[in-house]
Amino acid sequence: MSQNDFLFSEETSTAEEPALAASPWLVLVVDDDDSIHQITTLVLSNFSFEQRPLQLLHAHSATEAVTIIQQQPDIALAIIDVVMETQHAGLELVKTIRQTLNNRRMRLVLRTGQPGEAPEEHVIRDYDINDYKNKTEVTAIKLKTLLYAGLRSYRDICIIEHHKAGLEKIIACTTSFLQCSSLKQFASLILGQVAFLLGLEREQIYCCAAINSAATDSLQLDVIASNVVDNNALPPDVLAKILQVQQDKTSYCGEDCFIGYFTTHRGNENFLYVSKGSKLEQTDHQLLSYFSHNIAIAYENIRLRELMRDSQRELSYILGEAVEKRSKETGSHVKRVANYSYLLAIKAGLAEYDAEVIKLASPLHDLGKIAIPDHILNKPGKHDADEWAIMQQHAELGYQILQHSSNEILQMGAIIAQQHHEKWNGKGYPQGLSADTIHIAGRITALADVFDALGSDRCYKKAWPLAQIIELIRTERGQHFDPALADILLNNLDAFLAIRDAYPD
């Protein structure tokens with residue numbers, strides 16, 4: 001006995017514990033002769049297949065059989081008499097099962113005492129049946145042989161259908177993973193998709209997914225999804241089993257739980273632990289094994305996207321801060337504007353992805369200032385007309401710097417740079433756009449930029465009191481600012497002030 005066997009045997013049932021009763025194979029006997037039912041019951045009284053007993057269902061007519069089949073869709077095999085209430089009642093029943101009830105799984109065997117009423121070749125050729133027997137030739141051993149063959153065929157069809165449904169679920173799960181934009185979404189999706197694969201509710205499973213990225217053989221788990229209260233504190237027994245799997249470098253498939261083990265090309269070890277209140281079947285293990293591989297690959301892809309997004313965010317902040325420092329303003333301005341813009345976008349009903357793009361692009365709103373001369377950019381007093389004309393050029397200059405990029409964040413940055421000084425009433429610059437002709441990102445960043453600039457010290461002014469800022473936004477609602485966005489800011493002021501406090505100068 002290996003360590004693996006010893007560890008995982010602790011939770012398996014002991015000899016004294018009663019085993020769960022296996023569900024029986026359902027077999028329907030359709031015949032108008034009571035003696036046939038009695039003889040069939042007697043011959044098959046102790047019959048079992050793959051440690052599952054047999055349960056016979058009895059119908060004395062085709063009409064009664066249809067009712068039973070509608071009530072019991074999991075009948076594995078039906079033995080049907082041809083001549084009952086009519087000369088071809090059994091043949092019509094076969095048509096009803098296959099065509100009307102659309103049941104292709106059930107194995108159908110015709111049995112007749114009057115072969116002349118339904119010639120064998122004609123029946124086998126024209127009706128979707130699996131065997132045809134004359135009652136006089138069906139001995140006890142032949143009846144059992146017929147049952148073994150029919151049940152094996154039914155079992156294999158069920159397995160194929162189950163695998164097909166499982167494959168469709170895995171494809172659906174993979175598609176869902178591809179649509180994830182963050183690890184938080186990914187973690188939530190794992191729990192729901194595992195339950196979906198097993199045909200259960202989330203509350204009926206215990207599931208956790210974890211990553212070990214340690215360079216050594218030691219186990220340092222990063223739990224990315226779990227439906228326990230504290231995601232980072234796995235129960236000791238679960239942790240011990242995962243450790244055993246990590247040492248064995250192979251998945252574990254038991255009746256009590258499944259632990260998937262998969263390593264990626266980057267060397268990360270991925271674990272998926274799943275248990276439920278009942279036995280895990282072989283097909284459950286197969287589906288979960290395929291799924292655990294998908295989780296590992298999807299995790300790395302999403303993590304890579306997050307790293308790229310973080311890099312883009314940092315580069316965006318660095319560029320924005322470089323401009324702000326050149327104009328002797330605080331670098332925290334661009335971080336505050338980015339977070340204000342994100343919050344405004346979400347509150348305005350934009351999709352999470354679109355809001356994130358605006359957040360990453362908004363720090364570039366003043367990129368064009370890099371081309372403005374220092375004596376104008378940092379002038380402590382008011383600009384004269386010529387200086388102001390040069391200062392206004394920064395919007396178009398920023399657009400020109402960014403417009404040729406194929407990167408969607410820089411494309412959004414070009415729009416924001418060009419339009420964040422446009423006004424709702426059409427009196428802004430550089431294009432004099434108004435209302436909805438101004439891109440929503442330009443309208444959002446315009447409000448976020450002014451809100452933060454008014455509350456910050458600049459070379460040409462001191463920070464305004466909050467009450468004065470609020471009054472200006474109310475006054476400029478529908479003039480400078482999109483009225484809907486102004487209302488969002490004023491109605492959620494505490495959230496915006498929390499961002500300001502989080503990124504102080």
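Everything numeric in this text was worked out from a predicted model, so none of it was measured.
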Could you pull out the closest heavy-atom pair between [X] and [Y], with the gap in Å?
{"X": "Leu344", "Y": "Ile444", "answer": "CD1-O, 3.7 Å"}
{"X": "Phe496", "Y": "Leu489", "answer": "CE1-CA, 3.7 Å"}
{"X": "Ala441", "Y": "Met412", "answer": "CB-SD, 3.4 Å"}
{"X": "Arg52", "Y": "Ser23", "answer": "NE-O, 2.7 Å"}
{"X": "Ala371", "Y": "Leu397", "answer": "CB-CD1, 3.7 Å"}
{"X": "Cys257", "Y": "Ser275", "answer": "CB-CB, 4.0 Å"}

Strictly distance-based, threshold 3.5 Å: is any side-chain N or O of [X] a donor or acceptor partner for the main-chain N or O of [Y]?
{"X": "Ser405", "Y": "Gln411", "result": "no"}
{"X": "Thr475", "Y": "Glu471", "result": "yes"}
{"X": "Asn492", "Y": "Ala495", "result": "no"}
{"X": "Glu387", "Y": "Ile376", "result": "no"}
{"X": "Asp248", "Y": "Thr250", "result": "no"}
{"X": "Ser341", "Y": "Lys359", "result": "no"}
{"X": "Glu476", "Y": "Phe481", "result": "no"}
{"X": "Asp482", "Y": "Gly478", "result": "no"}

| Derivation and outcome, side-chain contact (heavy atoms from CB on, under 4.5 Å), residues Lys423 and Ser434 | CA-CA 6 Å; Lys423 295 185 177 181; Ser434 64; over 6 Å; no
| query | Mind checking whether Phe258 and Tyr252 have ring centres under 6.0 Å apart? | reply | no
| query | Do the side-chain N and O atoms of His333 and Asp449 include a donor-acceptor pair separated by under 3.5 angstrom? | reply | yes
| said: Other residues, nucleotides and ligands only: do more than 12 of their heavy atoms fall within 6.0 Å of CD on Glu50? | reply: yes
| request: Begin with the C-alpha distance, continue with both residues' side-chain angles, and end with the deciding distance and a verdict on side-chain contact (heavy atoms from CB on, under 4.5 Å) for Tyr154 and Asp74. | output: CA-CA 10 Å; Tyr154 176 81; Asp74 294 330; 4.2 Å; yes
| remark: Hits for side chain to side chain donor-acceptor pair (under 3.5 Å) against Tyr342, two or more places apart or cross-chain, chain-then-number order -> Glu352
Any [X] side-chain heavy atom under 4.5 Å of [Y] side chain:
{"X": "Ile97", "Y": "Val66", "value": "no"}
{"X": "Leu447", "Y": "Arg443", "value": "no"}
{"X": "Trp25", "Y": "Arg155", "value": "yes"}
{"X": "Asp366", "Y": "His420", "value": "yes"}
{"X": "Thr263", "Y": "Asn270", "value": "no"}
{"X": "Gln246", "Y": "Phe271", "value": "yes"}
{"X": "Asn339", "Y": "Tyr503", "value": "yes"}
{"X": "Gln244", "Y": "Ile259", "value": "no"}

I'd like to know if [X] and [Y] make a salt bridge, using a cut-off of under 4.0 Å between side-chain N and carboxylate O.
{"X": "Glu269", "Y": "Lys249", "result": "yes"}
{"X": "Asp256", "Y": "Lys279", "result": "no"}
{"X": "Arg477", "Y": "Asp487", "result": "yes"}

Atom pair [atom1] ([X]) and [atom2] ([Y]), whose distance is rounded to the nearest 0.5 Å:
{"X": "Ile488", "Y": "Asn491", "atom1": "CD1", "atom2": "CG", "result": "8.5 Å"}
{"X": "Leu367", "Y": "Leu410", "atom1": "CG", "atom2": "CG", "result": "9.5 Å"}
{"X": "Arg105", "Y": "Ile157", "atom1": "CZ", "atom2": "CD1", "result": "9.0 Å"}
{"X": "Thr445", "Y": "Leu364", "atom1": "OG1", "atom2": "CG", "result": "10.0 Å"}
{"X": "Gln418", "Y": "Leu402", "atom1": "CD", "atom2": "CG", "result": "10.5 Å"}
{"X": "Ile390", "Y": "Asp384", "atom1": "CD1", "atom2": "CG", "result": "8.5 Å"}

| request: Run the numbers on Arg104 and Asp128 for salt bridge (charged side-chain N to carboxylate O under 4.0 Å, His left out), then give the verdict. | output: CA-CA 9 Å; Arg104 303 289 176 180; Asp128 187 1; 3.3 Å; yes
| task | Would you please classify the geometry between the His394 ring and the Tyr429 ring as parallel, tilted or perpendicular, with 30° and 60° separating the classes? | result | perpendicular
| request: Go through Ile470 and Trp464 one step at a time and tell me if the side-chain contact (heavy atoms from CB on, under 4.5 Å) criterion holds. | output: CA-CA 10 Å; Ile470 293 172; Trp464 287 22; over 6 Å; no
| task | Dump the intermediate steps for side-chain contact (heavy atoms from CB on, under 4.5 Å) on Tyr340 and Arg500, then the final yes or no. | result | CA-CA 9 Å; Tyr340 293 152; Arg500 187 175 73 175; 3.1 Å; yes
